[in-house]
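Working notes for the structure below.
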Amino acid sequence: MAILTKETKMAHHHSNAMLEVPFIIAIRKIKSFAVSAGLNIEREEGGVLVRLGSGSLKVAGDRKTTSLELTAQSPAMLQQLRDAVALRMEKLETAVTWEAVVASSRHPANLSIATVASLERISPSYTRIVIDGPDLARFTEGSLHFRLLLGPDGAGWPEIDAGGVTTWPGGGMSAWHRPVYTTRSFELGADGAARLAFDVFLHDGGRVTEWTRDLAVGTEIAITGAGGGGRATNETKWHCLIGDETAMPVIARMLERLPLDAEGVAMVIIPDAKDAQDLIHPDGVSLNWVLRGENTNPTNILSQIELPDQDRFVYVAAERDEVAEARRYLKEHGLAKNEASCFSYWSASSAEDGLQKASNQ
Ligand SMILES: Cc1cc2nc3c(=O)[nH]c(=O)nc-3n(C[C@H](O)[C@H](O)[C@H](O)COP(=O)(O)OP(=O)(O)OC[C@H]3O[C@@H](n4cnc5c(N)ncnc54)[C@H](O)[C@@H]3O)c2cc1C
């Protein structure tokens, strides 16, 4: 039997890159980005350390060149960081040379290929898709979300270049639709395998809605992640979870995680009474279904809830502008930053929303 030492359990993965730019210029650009993204920057001997959500970036250099060292706790997290830094450098018009990587697969380490095991229209507005994969275990405990990859016809799946950066066939990353979904439930298999279920809210004009129409058992799909660790909702006694149709899966996962003695209220917006699901929840947290009508939005729902003065936590996930309004409402009603988390799950004015935005969950 293999004995895990503390060191192997906390294994770190690294990736190095070189910029043909003086340190003083590179660090100015990196710092200005880091500050705008609210990232923590620390001075270190011989350089600067930027703390990223799932790892860190060490920047060092001299008058001619700058070196980058990325550190993350898993190959998948390292892949996500490397791709994010590569994209950022491209936007800053700074050429990067990544150290060659020896990879066991030509696919990015955060990409998993899975097979559709079943799909079922579970209610008028939702289709549940169940997928199996040999390495899906990282999408289970401790993470909530993933991106579904829908690429141009016949493009194949993304691969990595010699430096380990993801390349997007069929016209680059912008040619891909990469919406975020929530793992609704999972079963762990052997050796990192797992079966995941996710619920797709069906809506007019949705590319995923269209995609589900032709989907069949046995189809190969690809997902990336995982992302979103899930805000620890058990820090307070009282919880208020408000979400629209797209947030039903995350609210289901959060309710399952609450301690049995938790108190509060969960309010989920659905278009049809038959979309209500039988969600597991503590007795002290009432579960309510709100039928979508003309003025149904999180702020209206919030205004009907009496918030306790302390020991409280409010979670809101819905359409971007509605979430912004709810955030303002909560601020006006005196909730501190650590008492509320509000997430944009989709946007009525744009098709893409971010896993990045959800990565603090
Ligand atoms: C962290 C996170 C977790 C999520 N989890 C889930 C989940 O488990 N299940 C789920 O169904 N969704 C979930 N979503 C929302 C989902 O990613 C978006 O709704 C996404 O836009 C769906 O892509 P699409 O192909 O359906 O629509 P797109 O092709 O991206 O958009 C087409 C049109 O539909 C509109 N649109 C997009 N979403 C909606 C909507 N919900 N209602 C009405 N119009 C819409 C867009 O504005 C656009 O005009 C999650 C989002 C985030 C950020």
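Just follow the structure's listing: the first ligand is 1, and inside any ligand the first atom is 1. Hydrogens, waters and symmetry mates play no part in the numbers below; they use all other heavy atoms, side chains included.
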Legend entry - salt_bridge(Arg213, Glu210) N-O dist < 4.0 Å: yes
Inset, instruction - For the pair Glu187 and Arg195, find out whether any cationic side-chain nitrogen is under 4.0 Å from an anionic carboxylate oxygen. - result: no
Proximal ligand 1 atoms for [X], defined as those under 4.0 Å from one of its heavy atoms:
X	value
His145	1 (C), 3 (C)
Val200	11 (O)
Ala348	47 (O)

Inset, instruction - Before giving the answer on side chain to side chain contact (heavy atoms under 4.5 Å, CB included), spell out for Val208 and His177 the whole-Å C-alpha distance, their side-chain angles and the decisive distance to 0.1 Å. - result: CA-CA 9 Å; Val208 176; His177 184 38; 4.1 Å; yes
Between the candidates [options], which shows the shortest non-hydrogen contact distance to [atom]?
atom	options	result
atom 37 (C) of ligand 1	His203, Met248, Glu319	His203
atom 46 (C) of ligand 1	Gly243, Ser349, Gly205, Ser347	Ser347
atom 3 (C) of ligand 1	Tyr126, Phe201, Tyr345, Phe343	Tyr345
atom 50 (C) of ligand 1	Asp204, Thr246, Thr209, Val180	Val180

Parallel, tilted or perpendicular: ring planes of [X] versus [Y], cut at 30 and 60 degrees:
X	Y	result
His12	His14	tilted
Phe313	Tyr315	tilted
His145	Tyr345	perpendicular

Inset, instruction - Could you establish whether Phe198 and ligand 1 come within less than 4.0 Å of each other, counting only heavy atoms on the residue side? - result: no
Once you restrict to heavy atoms under 4.0 Å, what part of [X] touches ligand 1? Side chain, backbone, both or neither.
X	result
Asp199	backbone
Arg184	neither
Pro249	side chain
Ser344	backbone

Legend entry - Close side-chain approach of Pro271 to Phe201, heavy-atom, < 4.5 Å: yes
Inset, instruction - Mark yes or no: Arg178 above the aromatic ring of Trp168, with NZ or CZ under 6.0 Å from the six-membered ring centre and no more than 45 degrees from the axis. - result: yes
Inset, instruction - Return a yes/no value for Val208: is any of its N or O atoms, backbone included, closer than 3.5 angstrom to an N or O of ligand 1? - result: yes
Inset, instruction - Indicate whether any N or O donor in one side chain lies under 3.5 Å from an N or O acceptor in the other, for Thr166 and Gln79. - result: yes
